[in-house]
2 protein chains.
Amino acid sequence: MAPQAYYSIHPKFHAAVDCIIFGFEEGELSLLLLQRDFEPAKGQWSLMGGFVEEGESLDDAARRVVAELTGLRDLYMRQVHTYGDPGRDPGERVLSTAYYALVDIKKYDHELVKAHNAHWVKLNEIPHLIFDHDRMVQDALRFMRYQAGVKPVGINLLPEEFTLTQLQTLYEAIQGEAIDKRNFRKRIAAMDYIEKTGRIDKTSSRKGAALYRFNQDKYDGNFKI
Amino acid sequence: MAPQAYYSIHPKFHAAVDCIIFGFEEGELSLLLLQRDFEPAKGQWSLMGGFVEEGESLDDAARRVVAELTGLRDLYMRQVHTYGDPGRDPGERVLSTAYYALVDIKKYDHELVKAHNAHWVKLNEIPHLIFDHDRMVQDALRFMRYQAGVKPVGINLLPEEFTLTQLQTLYEAIQGEAIDKRNFRKRIAAMDYIEKTGRIDKTSSRKGAALYRFNQDKYDGNFKI
DNA sequence: ATTATAAAGTGTAAATGCAACACTTTTCTG
DNA sequence: CAGAAAAGTGTTGCATTTACACTTTATAAT
């Protein structure tokens, strides 16, 4: 039996990635969703997705797809799950791998987003999405929440410098419940990898709030030895 | 543009599942691994895997593949991750989704396992595996450990009735560290869904140890209001 | 029959971590 | 200069977790 025969008796499938793109604004989490002006499912809402190309890894495909919509590279992205039920895409059979991405909502490319007819939609205002995208969003949200409870991934949703109030509001949005300010600041103070920059943000209060930044090196250092 | 054209300009890929099959014996976790007497990579060690067929979901493919090797159905299985780097399979490009399965090591079909040249290998004696299967095992182990810390999935590795010593030894194997007996039993006592059967196991002690069983209904009930 | 053995089974006290809680400071605006 | 609006700051009680050692029971050996 020729070496290739081992593979060729088996079917092949389209492979896609679908991206759950999280942003944070006005104290709430939002997703960047497409109001599709293209087939299939034209007119309906969906996640941003795309097919995996030859020679492209799944991770690369997900990064490309997010960059096509937002113009942003080097985002924090994680694979969530792969959805493979026959019939999940009513057109042809497609295996789709969901990724979530965290973006600083101040930074995306507005032109690209407009060109794709995409919109930031607050978490509790999300419309029904096509195919199994609703479930993808649920799974991604659960996974992102879990990860945010374990490591400081949420910081990817904020600008490089942020106030403690912003950070707290973010974590309240992620967890979906209020956090005590003093307990929160105590916890942050114990994280030496969240450090004061010395700069002051005057945009949101008269008194001004200290700006902080995430120090990746110090964070990595906590796990050595 | 014909509806199909949307899909057909994109490449298709082989889709496989690879299964990390956990068992528990002699106080240690083991994996059921193949010593391959077939191509590709004949002679090397690998996970049990198989291609996804037409009309078959990923979950179904994983269940089928595990059943082909063990004869067991209705196992506790969870998707871990999908591996899609080009070149991860040196033959042709294959996207592979890893699943872990938990089996009661007393119950598998010895004939089938022998026919596949598969062997139970203790976790700390696992040889190098082909392709990216080493990484799959690491990812599956981490995920299984996490899940075992959150819900009582480990019970799927034990017979239906088990002693508290067996259960403790299992959790020590999963966590990789010793647990205090009195604290462990206190915690179990607080779980009303782990209940005494009234039967006694005399095989491992002169005194005899009470047998317990997992009550799925009571467990589910704990989450209703 | 007695004793030795081997695992099962059992409670308390200290320490740590987590949650609850309210007022002062600062600066700008009117 | 008075008021507003957000930033910033410690302590105490409660709950959870950890540390820790002896008794009980049935069988096997003598």
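Aromatic ring centres of A/Tyr146 and B/Tyr146 lie closer together than 6.0 Å. Ring pair B/His133/B/Trp45: centre-to-centre distance not below 6.0 Å. Ring pair A/Phe162/A/Tyr212: centre-to-centre distance not below 6.0 Å.
Boundaries of the chain A contact region on DNA chain C are C/dA19 to C/dT29, first to last in 5' to 3' order (nucleotide atom under 4.0 Å from a heavy atom).
A/Gln166 places its CD atom 13 Å from the C1' atom of D/dA6, with the value rounded to the nearest Å. At whole-Å resolution of the value, CD in A/Gln168 and P in D/dA6 are 14 Å apart. Atom CZ in B/Arg185 sits about 15 Å away from atom C1' in D/dA21, given to the nearest Å. Atom P of nucleotide D/dT23 and atom CZ of B/Arg182 are separated by 12 Å, given to the nearest angstrom. In this entry the distance linking NZ of B/Lys181 with P of D/dT23 reads 14 Å, nearest Å. Taking atom CZ of A/Phe184 as the reference point, atom P of D/dT9 lies 14 Å away to the nearest angstrom. Atom-to-atom, NZ of A/Lys207 to C1' of D/dA7 comes out at 4 Å; the value is rounded to the nearest Å. Atom-to-atom, CG of B/Asn183 to C1' of D/dC20 comes out at 9 Å; the value is rounded to the nearest Å.
Side chain of B/Asn215 to backbone of B/Lys218: a donor-acceptor contact under 3.5 angstrom is found.
Residue contacts shown for A/Lys186 include a base, since a base heavy atom lies under 4.0 Å away. Here B/Thr163 lies out of heavy-atom contact (under 4.0 Å) with every strand.
Within a 6.0 Å sphere centred on CD of B/Glu195, other residues, nucleotides and ligands contribute more than 12 heavy atoms.
DNA chain D is contacted by both B/Gly208 and B/Asp180; B/Asp180 maps to the nucleotide lying nearer its 5′ end (nearest heavy atom per residue).
Residues passing the ring pair (Phe, Tyr, Trp, His ring centres under 6.0 Å) test with A/Tyr108, sequence neighbours excluded: A/His110, A/Trp120.
A/Ser205 has no side-chain polar atom (N or O) that falls below the 4.0 Å cut-off from OP1 or OP2 of D/dA5.
A donor atom on one side chain and an acceptor atom on the other are found under 3.5 Å apart for B/Asp59 and B/Tyr99.
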